[in-house]
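Here the structure comes first, spelled out in structure tokens, and everything after it is commentary.
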Amino acid sequence: MYELLSEPVRRYIRDKRWEVLRPIQLAAIGKILGGEENLILASRTASGKTEAAFLPILSKVDFSAAGVKVLYISPLIALINDQFNRVEELCQYLDVKVTKWHGEASKGEKNKLVKNPQGIVLITPESIEAMLANAPHNAVNLFSTMQYVVIDEIHSFIGSDRGIQLKSLLARLQGLNVGKFLVVGLSATIGDYDSAKKMTGDVANTKVLLDKNAKEMEAEFRFFEMEGVDLPIELLKDLYLSTRNNKVLIFPNSRGRAEEIAVKLSKLSARVGGHGNYFSHHSSVDKELREYIETFAKTNVRYPFAITCTSTLELGIDIGSVEQVVQVDATFSIASLVQRIGRSGRREGEISKLLFYATDKWSLLQSLACFALYREGYIEPLVSSAKPYDILWHQLLAYVKQLSGCSKSVLLSKIQANYAFRDIKLEAVVDIIEHLITHDFLEQIGGELIIGVEGEWIVNSRDFYSVFKTEANYKVVNYDRSIGEIPFSPQIDLDQNLLLAAKIWKVIEVDHKAKKIAVIPANDGKKPLFFGAGADIHPRIRERMLEMLYESAIISELAEPAGEVVREMRKEFQGYRIESLTDDRPLLLKDSSCQLFSFQGSRINKSLSFLFKTSGTEVQYTEHNSSFVFSGGKQAVDLAIAKAREVLADIDFHLENAVIAQPGLIDFSKWALHLPLKYKCEILLERYFDFSGVAGFLDSLNPVLHSGNLE
DNA sequence: GACCTGCTGCGGCTTG
């Protein structure tokens with residue numbers, strides 16, 4: 001394969017002193033040089049996927065004519081900046097120009113590229129959106145002779161609104177292109193590659209190259225029950241002693257918890273004269289501070305450090321030196337667990353290590369289930385929306401803006417040619433266009449559609465280019481220094497203390513007009529409050545949790561008392577006369593109430609809860625242990641289920657009423673609030689609830705009592 | 001029990 005590469009590329013490989021090419025690289029070289037197919041390159045992090053795409057593309061593509069030849073699309077600015085250095089180094093061997101194009105990139109460099117379109121461009125989806133909206137002529141000049149689009153971390157787009165937008169943008173770029181460009185997607189190991197293939201728009205002409213080689217890995221599960229709102233001191237001491245000499249990433253599931261751990265470990269360390277390299281890294285920590293932490297961790301080889309982080313360090317840039325990963329309470333998905341495990345032991349010959357802490361028994365069981373499924377090779381599939389009416393609404397405005405107005409038939413033909421909206425019926429598109437006109441987002445003048453009065457506000461706002469929602473934040477500053485940004489909560493008041501960026505601060509001024517909180521260092525404080533919905537948990541995880549309770553195999557990774565906790569749970573649940581793990585569900589009778597454990601995914605649980613409430617049943621739903629508490633005994637449950645099924649039989653009617661009564665139901669989507677009622681309901685049915693799943697569940701559901709409750 | 005992601009154009013200022 002090496003011989004097939006062009007001479008400058010081979011020289012680069014020689015200078016790098018790479019003795020062998022990685023399996024994914026060899027496979028990609030053959031496919032890219034030999035064929036005209038779209039590709040998905042899937043392998044674990046740090047396996048050389050970027051080079052797998054660029055070595056052959058640079059050997060194949062002729063860069064001598066004007067025009068950008070390769071477009072690299074990334075979900076993160078930080079990743080673009082990181083990849084720029086690698087790609088540019090390689091491109092120097094071929095005299096190919098590389099340009100960064102994102103919101104924080106140099107305007108001067110962008111202007112130079114516009115004057116002299118050439119080489120490779122590294123860009124974000126939102127920057128493509130902005131260019132198409134504001135300077136479509138630039139997009140034509142730059143991208144009309146493009147031959148390859150490389151999409152990095154393509155798994156992060158699949159199943160999300162941003163992924164639909166990206167598909168639509170690729171279709172819009174194909175529309176500008178004189179030829180046809182090929183797509184190469186770089187993916188982590190995921191659950192199903194069909195959805196990845198769909199990203200390219202041409203499933204039949206997309207091949208998946210999969211390197212299943214996983215790293216060897218060790219795990220240990222520890223248990224420290226949490227009683228109040230703060231983590232047990234014993235857990236923190238144990239965590240400190242287990243990590244104090246290592247380079248470690250700690251993943252709690254929230255920003256507040258990340259701050260709590262960083263501050264408390266740092267205090268413990270200071271008390272015994274340990275290292276001071278304790279950081280917190282999440283979306284509320286100031287961006288420059290986060291970059292400093294990333295650079296420190298990337299370049300430092302000698303000193304131990306601990307970074308407590310959220311999913312900010314799950315994707316993207318590689319901190320090669322991480323020796324140990326700690327997960328505090330269960331991840332929401334197996335995909336996320338896989339990514340986090342992959343953050344350690346990146347060096348050749350190193351073993352990935354995962355240290356797991358649970359603070360309650362359900363979290364312990366959930367993480368054991370995720371880990372078991374990971375070992376069994378299962379990762380939950382990512383489903384992308386077939387009928388993204390909200391993104392369609394957004395893209396209709398984007399098309400009209402890009403074209404500076406167009407006829408209705410042109411707009412319709414653009415949508416029909418756009419594979420992101422392939423499954424949406426023509427009548428629905430017409431319907432939504434009419435709705436845009438009636439509400440002044442579009443305006444019809446003669447045969448032309450132009451942006452309407454209400455639409456102008458939207459398309460000319462900075463917020464137009466993205467399809468995801470963000471919270472309104474207050475800036476936290478210490479004199480001139482920015483610490484970060486947090487959502488305002490009543491807890492933030494004069495003389496109150498809070499934790500941020502791994503330090504304790506006292507609030508000395510709150511400026512609501514400027515949305516600014518002034519702080520000074522302090523000695524003791526509470527973690528700030530954050531709001532937000534967690535990710536949905538896939539039903540397979542809950543099913544596996546139930547299976548786990550009815551298995552007797554000893555789990556060797558459990559450290560005491562975690563083992564005892566699992567034995568207790570098994571003893572408790574084996575008292576229910578479960579015969580079918582798919583249909584039977586434990587029903588715990590109490591004095592005047594009873595608790596049904598559904599062992600179902602979040603969407604089925606949310607749907608069940610909706611049905612119970614709508615049919616007038618008072619029920620207490622807890623997602624954490626997937627349970628519903630009813631007042632009364634088994635008859636009350638049977639009655640509630642019967643009533644729920646009546647609502648289910650007429651779900652469209654009940655859902656419409658609910659959306660009218662509580663418009664906030666649709667808040668998970670940024671643009672859906674502008675849609676006609678009917679489409680709001682369809683979005684809820686497709687993306688938030690799972691009523692067909694509920695129907696299947698209720699059809700076979702058999703609540704089973706504990707043997708101690710019988711007769 | 002509660003994640004993450006990105007962002008134009010232009011006027012007006014300072015600085016070399």
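The analysis underlying the following values was restricted to heavy atoms, covering all of them including side chains, and did not include hydrogens, waters or symmetry mates. Remember, it's a predicted structure, so these values are computed and weren't measured experimentally. Residue numbers start from 1 in every chain, and the chains themselves are labelled A, B, ... in the order their sequence lines are given, proteins ahead of strands.
Among the protein residues, A:S127 comes within range of the sugar-phosphate backbone only, with heavy atoms under 4.0 Å from sugar or phosphate atoms but none that close to a base. Note on A:L315: nothing from the nucleic acid sits closer than 4.0 angstrom, heavy atoms only.
Using a 4.0 Å cut-off between charged nitrogen and carboxylate oxygen, A:E294 and A:K298 do not count as a salt-bridge pair. A:R255 and A:E471 are joined by a salt bridge, as a carboxylate oxygen and a charged side-chain nitrogen come within less than 4.0 angstrom of each other. A:E234 has no carboxylate O lying under 4.0 Å from a charged side-chain N of A:R222, or vice versa, which leaves the two without a salt bridge.
Heavy-atom nearest nucleotides on DNA chain B were determined for A:A130 and for A:P75, and the one closer to the 5' end corresponds to A:P75.
The nearest whole Å value for the distance from the CG atom in A:N138 to the P atom in B:dG9 is 9 Å. Per the geometry, NZ belonging to A:K670 stands 14 Å off C1' belonging to B:dC4, to the nearest Å. Put simply, CD1 on A:I80 is 14 Å from P on B:dT5, counting in whole angstrom units. Atom CD in A:E471 sits about 14 Å away from atom P in B:dA2, given to the nearest Å. Separating the CG atom of A:D536 from the C1' atom of B:dC4 is a distance of 15 Å, rounded to the nearest angstrom. In this entry the distance linking NE2 of A:H282 with C1' of B:dC4 reads 13 Å, nearest Å. Residue A:W101 contributes atom CH2, which lies 18 Å from atom P of B:dG6 at whole-angstrom precision. Across the protein-nucleic acid pair, A:L166 atom CG and B:dC7 atom P stand 14 Å apart, rounded to whole Å.
The phosphate of B:dT5 has OP1 or OP2 within less than 4.0 Å of a side-chain N or O from A:R290. For B:dC4, neither phosphate oxygen OP1 nor OP2 lies less than 4.0 angstrom from any side-chain nitrogen or oxygen of A:R162.
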For salt bridge (charged side-chain N to carboxylate O under 4.0 Å, His left out), just list the numbers for A:D463 and A:K469, CA-CA rounded to whole Å, side-chain angles, deciding distance to a tenth of an Å, and then say yes or no.
CA-CA 9 Å; A:D463 204 32; A:K469 278 190 134 174; over 6 Å; no
Go through A:F628 and A:F597 one step at a time and tell me if the ring pair (Phe, Tyr, Trp, His ring centres under 6.0 Å) criterion holds.
CA-CA 7 Å; A:F628 296 83; A:F597 294 91; 10.0 Å; no
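Residue A:E126 places its side chain closer to B:dG6 than to any other of B:dC4, B:dG6, B:dT8. Closest to the side chain of A:S254, from the set B:dC4, B:dA2, B:dG6, is B:dA2. Of the candidate nucleotides B:dC3, B:dT8, B:dG6, B:dT8 has the atom nearest to the side chain of A:N134. Distances were taken from every side-chain heavy atom of A:T312 (C-beta onward) to each of B:dC4, B:dT8, B:dC7; the shortest belongs to B:dC4.
With sequence neighbours left out, the side chain to side chain contact (heavy atoms under 4.5 Å, CB included) criterion links A:A502 to A:A262, A:S280. Checked against side chain to side chain contact (heavy atoms under 4.5 Å, CB included), A:D286 has the following partners two or more places apart in sequence or in another chain: A:E288, A:L289, A:S482. With sequence neighbours left out, A:K613 forms a side chain to side chain contact (heavy atoms under 4.5 Å, CB included) with A:S609. By the side chain to side chain donor-acceptor pair (under 3.5 Å) test, A:E485 is found to be paired with A:K475, residues two or more places apart in sequence or in another chain being considered.
Using a 4.0 Å cutoff on non-hydrogen atoms, the parts of residues 619-630 of chain A near DNA chain B are A:E623, A:H624, ordered by number. Residues from residues 459-469 of chain A lying near DNA chain B, meaning a heavy-atom separation below 4.0 Å, are A:R462, A:D463, A:Y465, A:S466, A:F468 in numerical order.
Ring orientation note: the planes of A:H394 and A:F464 are tilted relative to one another, at an angle of 30° to 60°.
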